[in-house]
Amino acid sequence: MALKVSNSRLTRTEGSVYARRPASETVCKFWAMGRCLKKECRFLHANPEQKTLALMEEMGKSLGKASDSATVNVEKSIGTHKEKAKAEAVCKFWADGKCVRQGCPYLHSWFRGDGFSSLAKLQGHKKGITGIVLPERSSNLYSAAKDGTVRVWDCNTGQCSRVINLGAEAGCLISKGAWVFCGASNLVKAWNIESNAEFTLAGPVGQIHAMEVGNDMVFAGAEEGVIYVWKGKVCSDAKANPFHPHQALSGHTAAVVSLRVGNIRLYSGSVDHTIRVWNLDTLECAMTYDSKWTF
């Protein structure tokens with residue numbers, strides 16, 4: 001008996017998997033290189049995003065024919081994730097003041113969100129800014145920088161109304177009530193925004209990196225690890241300096257870069273990898289946390 005053998009690879013029937021429309025969501029790599037010669041390739045000969053757009057446009061056309069009174073809005077989905085990524089990144093050319101593109105897809109703002117908008121760009125400092133404060137009940141913003149100046153900005157106009165020359169690099173800037181304090185090299189300055197009085201606090205040595213106010217005292221952390229303390233008192237003479245040297249706290253072996261007051265304690269952080277806790281009543285170190293401490 002003769003046996004007939006048919007070569008199924010030579011004939012593609014209508015029911016063959018090769019004769020169907022692409023069932024795979026994978027893009028044909030040969031088509032991507034412009035080399036696919038298959039008449040009925042089972043891989044996609046289009047990007048998935050383009051396929052989605054084509055389907056949406058077809059749906060829009062069919063819906064438009066079905067009802068002349070209805071308006072169909074079709075939103076493109078091509079590159080949505082890419083556009084979102086761009087929208088979340090700040091334009092580096094804008095940051096340098098050099099972006100000239102109309103409709104730039106990147107952010108032209110340092111803030112992103114429904115509750116934020118860019119109001120102004122305050123320019124004037126020549127070097128890095130080390131502190132910004134907005135005192136209570138004040139319409140002026142204060143900024144300190146490594147260029148050795150403190151600038152006072154009018155919040156209503158965005159203009160610099162005053163420049164204070166410290167003569168030394170500013171390391172920090174804080175405010176408490178009606179007072180603004182600035183720490184610099186071998187210098188601590190204090191300004192009263194209500195009386196416009198200006199005072200120099202005596203005693204600090206080295207660059208001041210951090211300041212804090214609490215329990216009627218002013219604290220300043222210095223480069224050599226010392227925390228300088230001034231005691232404040234009310235003076236009948238408005239021109240008299242109300243801050244007097246009180247004590248110098250020793251213990252840190254490197255620069256003090258952070259100071260915080262809370263729960264009748266002063267917390268100091270240092271480059272020596274320790275945090276010291278000081279009793280505000282006795283100004284004695286009650287506890288020391290080092291880099292090996294686990295909470």
Side-chain angles (χ1 to χ4, degrees), residues 119-223 226-247 255-262 266-269 280:
L119 295 178
K121 188 175 182 179
L122 310 182
Q123 296 178 311
H125 286 296
K126 305 301 181 184
K127 293 184 179 180
I129 296 172
T130 55
I132 301 174
V133 296
L134 180 61
E136 299 175 12
R137 300 182 298 277
S138 174
S139 60
N140 290 324
L141 178 77
Y142 292 73
S143 62
K146 293 182 178 180
D147 60 9
T149 66
V150 172
R151 286 181 173 264
V152 184
W153 309 86
D154 189 320
C155 292
N156 297 314
T157 64
Q159 300 298 313
C160 180
S161 59
R162 184 185 176 193
V163 179
I164 303 170
N165 189 3
L166 300 173
E169 179 180 306
C172 59
L173 185 73
I174 66 168
S175 68
K176 184 71 172 180
W179 291 95
V180 175
F181 300 91
C182 181
S185 181
N186 303 313
L187 178 71
V188 170
K189 291 289 251 183
W191 297 274
N192 188 300
I193 63 174
E194 294 178 351
S195 65
N196 293 322
E198 178 180 332
F199 303 102
T200 300
L201 280 62
V205 176
Q207 178 68 52
I208 301 300
H209 294 288
M211 293 191 68
E212 179 64 302
V213 177
N215 204 26
D216 295 327
M217 291 181 285
V218 178
F219 304 92
E223 178 71 26
V226 178
I227 301 173
Y228 294 95
V229 186
W230 293 266
K231 195 79 171 178
K233 66 177 183 179
V234 178
C235 300
S236 56
D237 185 0
K239 295 182 180 181
N241 192 335
F243 304 103
H244 302 279
H246 181 62
Q247 196 170 334
V256 177
V257 294
S258 179
L259 292 170
R260 289 293 182 271
V261 168
L266 170 68
Y267 299 84
S268 59
L280 283 180

Visitor: Is the backbone of G206 close enough, under 3.5 Å, to the side chain of N186 for a donor and an acceptor to pair up by distance?
Guide: yes
Visitor: With sequence neighbours excluded, tell me which residues meet side chain to side chain contact (heavy atoms under 4.5 Å, CB included) with V261.
Guide: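 Counting only residues at least two positions away or on another chain, V261 forms a side chain to side chain contact (heavy atoms under 4.5 Å, CB included) with E212, F219, L266, L280.
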Visitor: Among T200, L201, V188, which residue satisfies the side-chain contact (heavy atoms from CB on, under 4.5 Å) criterion with F243?
Guide: L201
Visitor: For a quick test of reading the model, state the closest non-hydrogen atom pair linking A222 to H209 and the distance between them.
Guide: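 Reported closest heavy-atom pair: C-CD2, 4.3 Å.
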Visitor: With sequence neighbours left out, which residue pairs that include part of residues 159-173 fulfil the salt bridge (Lys or Arg N to Asp or Glu O under 4.0 Å) condition?
Guide: R162-E198
Visitor: In Å, rounded to the nearest 0.5 Å, how long is the span from CD1 of I208 to CG of L259?
Guide: 9.5 Å
Visitor: Please tabulate, for the side chains in residues 171-184, all donor-acceptor contacts under 3.5 angstrom to protein atoms that are two or more places apart in sequence or on a different chain.
Guide:
none

Visitor: Closest heavy-atom contact between P135 and I193?
Guide: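 Scanning both residues completely, I find the closest heavy atoms to be CB-CD1, 3.7 Å.
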Visitor: Quick one: list whatever passes side chain to side chain contact (heavy atoms under 4.5 Å, CB included) with A240, sequence neighbours left out.
Guide: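 For A240 the side chain to side chain contact (heavy atoms under 4.5 Å, CB included) partners, ignoring immediate neighbours, are C235, D237.
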Visitor: Determine the minimum heavy-atom distance between V133 and L141, stating which atoms define it.
Guide: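 Closest approach of V133 to L141: O-CD1, 3.3 Å.
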Visitor: Ignoring hydrogens and geometry, is there a side-chain-to-backbone donor-acceptor pair from W230 to A202 under 3.5 Å?
Guide: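 The answer is yes, because a donor-acceptor pair under 3.5 Å joins these two groups.
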Visitor: Tell me which pairs pass side chain to side chain donor-acceptor pair (under 3.5 Å) where either residue lies in residues 142-151, with sequence neighbours left out.
Guide: H125-S143, H125-D147, H125-T149, S143-W153, D147-T149
Visitor: Does a sphere of radius 6.0 Å around NZ in K231 hold more than 12 heavy atoms from other residues, nucleotides or ligands, not counting ones at 6.0 Å or beyond?
Guide: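 It does: K231 NZ has more than 12 such atoms within range.
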Visitor: To the nearest 0.5 Å, tell me how far Q247 CD sits from M217 CE.
Guide: 9.0 Å
Visitor: Looking at every non-hydrogen atom in both residues, tell me the closest pair between S258 and A210 and how far apart they are.
Guide: N-CB, 3.7 Å
Visitor: Tell me the closest heavy-atom pair linking V150 and A144, and the distance in Å.
Guide: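 That would be CG2-CB, 4.1 Å.
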Visitor: Who are the side chain to side chain contact (heavy atoms under 4.5 Å, CB included) partners of N156, not counting sequence neighbours?
Guide: S139, D154
Visitor: Just to verify, what does H244 make a side chain to side chain contact (heavy atoms under 4.5 Å, CB included) with, not counting sequence neighbours?
Guide: K233
Visitor: C155 and L134: which non-hydrogen atoms are nearest, and at how many Å?
Guide: SG-CD1, 3.8 Å
